[in-house]
Q: 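This structure is in structure tokens; I'll ask about it shortly.
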Amino acid sequence: MTNQRLTYRDIGKPLAVGPTLPKVIWRYRWLVLGCVMASSTIAMIYLALTRPLYLSTASIYVEQVGPRITDDQPLALINPTNFLYNQIEFIRSRPVLEKAIKICKDTGILSTADPNEAMDLFRSGLEVTAGRRDDIIRINFAGPDPVQNAMVANAVVRSYIALRQEQGSRTYGEILRILNREKAVKEEMLSNYKRTLEDLAHQYPQLTLPAEMGRSLMTKLDAISSALTDASLTALEARLLYEAAQKVRDDPDGLLMILRSKIPAGQDTETEIARLKARIEQMQLNRKQRLQVVTEEHPIVKAIDAEIAQASEQLKLLEDKLVARVLFILEQQYLSAQRRKEELDVRFEQAYQQLAQLNKAIGQYAQVQSEYQQEKGLLEQLEKRISQISLLADAGALNISVLEDAQPATRPYKPRPAKVFAIAIVLGAAVGCSLAVLLQTNDKRIRDPALIRALVPYPVLGQVPVISGRPSSQAQKVLEAFRAIRTALLFALPEDRSRIIQVVSTIPGEGASTTASCLAVSLARTGQRVLVIDVDLQHPSQHQILGVDGRLGLSTVLMRKGRLAEAIACTGMSRLHLLPAGAEAAGCGELLHGRPFRQLLQILARHYEWVILDSPPITHNADAQIIAAVSQVTMLVIRPDFCTYHALGQSLDCLARYPDKQITVVINAVDSRKLSGWLMQTNPNGKCKGRLLATAIGSYAGRSQRVSGYTRITS
């Protein structure tokens with residue numbers, strides 16, 4: 001059988017599907033319960049050592065608005081947003097507390113004579129709050145004596161009311177002085193504004209009608225601006241015409257064509273130019289006709305050329321005269337338009353300056369007049385406020401109503417046992433769950449059998465449960481599991497020769513010795529001869545499991561200190577024998593590396609149909625690899641909740657070195673809730689008691705007996 005090569009680096013915890021939080025908490029439920037119990041114990045100690053405090057509360061309502069003076073809204077002297085907070089801080093202030101301490105001493109409530117100690121006592125127990133949905137101020141005082149708490153809270157209320165009444169008269173007098181001083185300042189400002197208005201009216205008499213004067217100046221300025229715009233356009237057009245004429249002065253025809261509609265060039269000159277051009281064309285036509293008869297040297301042709309030259313010279317003189325006249329006219333028009341524009345610029349600037357000065361005076365006058373009216377209105381309001389404050393001086397601005405006097409409390413408010421226990425339980429559960437999650441995160445063990453089947457590239461013969469409750473009630477289920485494993489082996493291996501099976505685990509404690517013993521019992525019940533060899537020379541256990549004498553065994557035979565027939569011991573079943581490790585097995589691991597061990601297996605294979613080798617863990621002992629090399633089948637026993645990812649990877653790495661060996665897997669100690677397709681039951685501790693194997697062997701032998709010395713399968 002060819003096995004897939006798999007190194008231990010391929011086995012990593014990220015391949016596993018992590019359990020949900022409820023499963024993690026249930027797995028570590030005793031840890032969580034312990035944390036809850038510890039926190040509850042701390043809460044009980046806290047409640048036993050903490051002195052109970054009682055709370056007394058007095059409620060007052062402070063109205064910040066005084067009585068109505070007129071039919072308008074009442075007078076408000078304080079910002080309502082911060083009013084309650086200001087009153088709370090005032091109640092906490094030292095003057096109020098000192099007066100309350102004095103009241104308590106006069107009534108005999110306070111026993112201490114030290115004022116600083118009394119102040120510290122009041123500040124530590126006093127709490128002043130404002131309602132979230134109302135404007136009620138509540139004075140709370142907490143202490144061990146409920147009667148004293150109520151009297152102290154009432155004393156603070158009386159002290160606050162008395163101080164507010166004392167401060168009332170001083171407050172109104174100070175307000176009146178401030179308002180009168182402000183009134184004098186306003187009157188002085190009004191006098192200054194009035195003098196400024198008189199000076200402006202004397203300097204600019206037209207300010208009496210500022211709107212009409214401003215409109216006339218604006219109309220004049222608009223007219224000058226319109227004329228200036230027209231003059232600018234005329235000057236620009238004249239300049240462009242003059243520049244265009246300068247560019248085409250060598251082309252009189254083009255010049256006349258561009259400027260004919262703008263400047264009259266003179267009818268006589270134009271007529272004469274047209275006549276000369278017609279005469280020159282006629283003579284050129286006559287010359288062309290003569291050249292068809294005579295040559296250019298003929299006197300008639302020369303006479304015609306002389307006339308053409310004379311006419312052309314006259315035409316050029318007329319055109320030059322016309323161009324000079326046109327350029328002169330355009331230049332004069334341009335200069336005239338430019339002078340007109342400059343004159344309008346000067347007039348526009350003068351009108352603009354005049355209007356700007358007037359507007360400045362008007363704006364200053366309007367501003368001063370507006371400020372004068374504003375200050376006059378403020379002065380009137382100030383005089384009205386002074387009269388209102390004078391009336392409020394006798395009525396008072398604050399109405400303080402005591403809604404509820406403080407009463408002695410009947411039960412403590414702190415600490416509250418229910419709240420303390422609730423907080424302790426929640427904190428304990430939170431700490432326990434956090435520790436459970438931390439332990440689960442750092443846990444390197446494989447807990448799901450389905451994950452083992454996914455990670456191991458070898459066939460799984462079966463899953464063996466771990467017994468819960470009484471072993472006798474679970475014996476049949478375990479035997480059924482091993483019957484399934486036995487059936488798989490019978491179909492997988494040939495029948496014509498012996499089978500040497502190595503039973504090995506990844507790490508100690510996974511139940512390899514248990515599996516070897518139970519498998520041997522199951523095979524022996526079929527009527528076949530079975531020999532169990534305990535090759536775990538460092539930690540032998542088969543002689544204890546099967547209840548035989550372990551002094552003679554494998555090490556004795558290999559060291560030639562005893563005979564093989566004497567070393568093989570009989571068990572409670574007639575066809576089941578055991579070759580123990582021997583009393584001298586410790587420190588004799590090198591015995592398995594030589595030829596005698598191989599020869600011994602060959603001899604035993606001729607006498608027994610099944611040879612079961614109880615091997616040491618493959619990751620802790622190199623002997624397991626030697627045993628794997630000489631065996632036909634290697635049965636890897638893996639226990640969930642015990643085997644780690646690293647150990648499984650190392651084991652698969654070692655087994656992958658023998659591709660010609662048949663390797664199978666048995667999953668041991670499986671929880672019933674994790675069994676998939678296997679008719680087995682489990683328990684959480686992973687240990688099977690010795691009475692189970694004794695019951696199995698005794699039931700086969702037809703009697704109920706207990707195998708002596710059998711106390712466990714493995715641990």
Q: Please report the shortest heavy-atom distance between A524 and V530, naming the atom on each side.
A: N-CG2, 3.7 Å
Q: Side-chain donor-acceptor pair under 3.5 Å between Q528 and R575, yes or no?
A: no
Q: Shortest non-hydrogen contact from I545 to S513?
A: CD1-CB, 3.9 Å
Q: Ignoring hydrogens and angles, tell me if any N or O in the side chain of Q625 forms a donor-acceptor pair with the backbone of A622 under 3.5 Å.
A: no
Q: Does anything in residues 548-582 form a ring-ring contact (aromatic ring centres under 6.0 Å, His included)? List the pairs, not counting sequence neighbours.
A: H577-Y608
Q: Taking the side chain as every heavy atom from C-beta outward, state whether V611 and R499 have any atom pair closer than 4.5 Å.
A: no
Q: State whether the side chain of K414 and the backbone N or O of Y54 hold a donor-acceptor pair below 3.5 Å, judged by distance alone.
A: no
Q: Checking H620 side chain against P616 main chain: does a donor-acceptor pair fall under 3.5 Å?
A: no
Q: Identify, with sequence neighbours excluded, every residue that meets side-chain contact (heavy atoms from CB on, under 4.5 Å) alongside A628.
A: Q502, T634, Y658
Q: What distance separates Y458 OH from Q662 CD, expressed to the nearest 0.5 Å?
A: 12.0 Å
Q: Is the closest side-chain heavy-atom distance between N149 and L55 below 4.5 Å?
A: no
Q: Using modelled atom types and a 3.5 Å cut-off, is there a donor and acceptor pairing between side-chain atoms of S124 and backbone atoms of L121?
A: yes
Q: Please report the closest heavy-atom contact between D534 and L554, naming both atoms and the distance.
A: O-CD2, 4.1 Å
Q: Is it true that a side-chain atom of R529 and a backbone atom of H607 form a donor plus acceptor pair closer than 3.5 Å?
A: yes
Q: Quick check: closest heavy atoms across C643 and I507, and the distance to 0.1 Å?
A: CA-CD1, 4.1 Å
Q: Quick one: does any side-chain atom of R639 pair with a main-chain N or O of G509 as donor and acceptor, under 3.5 Å?
A: yes
Q: Decide yes or no for V437 and L439: does some side-chain heavy atom of the first lie under 4.5 Å from some side-chain heavy atom of the second?
A: no
Q: What distance do C433 atom SG and I25 atom CD1 have between them, rounded to the nearest 0.5 Å?
A: 3.5 Å
Q: Output the distance between atom NZ (K561) and atom CD (E566), rounded to the nearest 0.5 Å.
A: 15.0 Å
Q: To the nearest 0.5 angstrom, please state how far the OG1 atom of T129 sits from the CG atom of N140.
A: 5.0 Å
Q: Do V633 and I500 come close enough that some side-chain heavy atom pair is under 4.5 Å?
A: no
Q: For S505, does its backbone N or O pair with a side-chain atom of E510 as donor and acceptor, under 3.5 Å?
A: no
Q: So how far is it from I485 CD1 to C518 SG, rounded to the nearest 0.5 Å?
A: 9.0 Å
Q: State, yes or no, whether a side-chain contact exists between T515 and V464 at a heavy-atom distance under 4.5 Å.
A: no
Q: I'd like to know whether D443 forms a salt bridge (charged side-chain N to carboxylate O under 4.0 Å, His left out) with R447, so could you lay out the CA-CA distance, the side-chain angles of the two residues, the decisive distance to 0.1 Å, and finally the verdict.
A: CA-CA 10 Å; D443 191 6; R447 297 188 176 274; 2.5 Å; yes
Q: Is there a side chain to side chain contact (heavy atoms under 4.5 Å, CB included) between V456 and L648 once you walk through the steps?
A: CA-CA 9 Å; V456 176; L648 179 59; 4.1 Å; yes
Q: With no hydrogens and no angle check, do the side chains of T506 and T619 hold a donor and an acceptor under 3.5 Å apart?
A: no
Q: Just checking M44: does its CE atom have more than 12 heavy atoms from other residues, nucleotides or ligands closer to it than 6.0 angstrom?
A: no
Q: After noting the C-alpha distance and the side-chain angles of R486 and T526, does the key distance pass the side chain to side chain contact (heavy atoms under 4.5 Å, CB included) rule?
A: CA-CA 10 Å; R486 179 191 64 190; T526 61; 3.2 Å; yes
Q: With side chain to side chain contact (heavy atoms under 4.5 Å, CB included) as the test, would you mind laying out the steps for F421 and L47 before giving the verdict?
A: CA-CA 9 Å; F421 273 108; L47 292 175; 3.4 Å; yes
Q: Is it true that a side-chain atom of D614 and a backbone atom of A516 form a donor plus acceptor pair closer than 3.5 Å?
A: no
Q: What are the two closest heavy atoms between S555 and G582, and how far apart are they?
A: OG-CA, 3.6 Å
Q: Indicate the atoms forming the closest heavy-atom contact of D549 with R551, along with that distance.
A: OD2-NH2, 2.8 Å
Q: I would like to know whether D641 and R445 meet salt bridge (charged side-chain N to carboxylate O under 4.0 Å, His left out); could you show each step before the answer?
A: CA-CA 6 Å; D641 295 331; R445 292 175 292 178; over 6 Å; no
Q: Consider side-chain contact (heavy atoms from CB on, under 4.5 Å). Of L601, L592, L600, which one does V630 pass it with?
A: L601
Q: Measuring only between side-chain heavy atoms, which start at C-beta, is Q542 closer than 4.5 Å to S517?
A: yes
Q: Applying side chain to side chain contact (heavy atoms under 4.5 Å, CB included), run through V535 and D623 and close with a yes or a no.
A: CA-CA 8 Å; V535 292; D623 295 343; over 6 Å; no
Q: With distance as the sole test, does T556 use its side chain to make a donor-acceptor pair with the main-chain N or O of L552 at under 3.5 Å?
A: no
Q: Side chains of L578 and C570: closer than 4.5 Å at any heavy-atom pair?
A: no
Q: When rounded to the nearest 0.5 angstrom, what distance separates CG in L519 from CH2 in W610?
A: 7.5 Å
Q: Within the side chain of R29, is there an N or O that forms a donor-acceptor pair under 3.5 Å with the backbone of W26?
A: yes
Q: Does any non-hydrogen side-chain atom of Y46 lie less than 4.5 Å from one of T41?
A: no
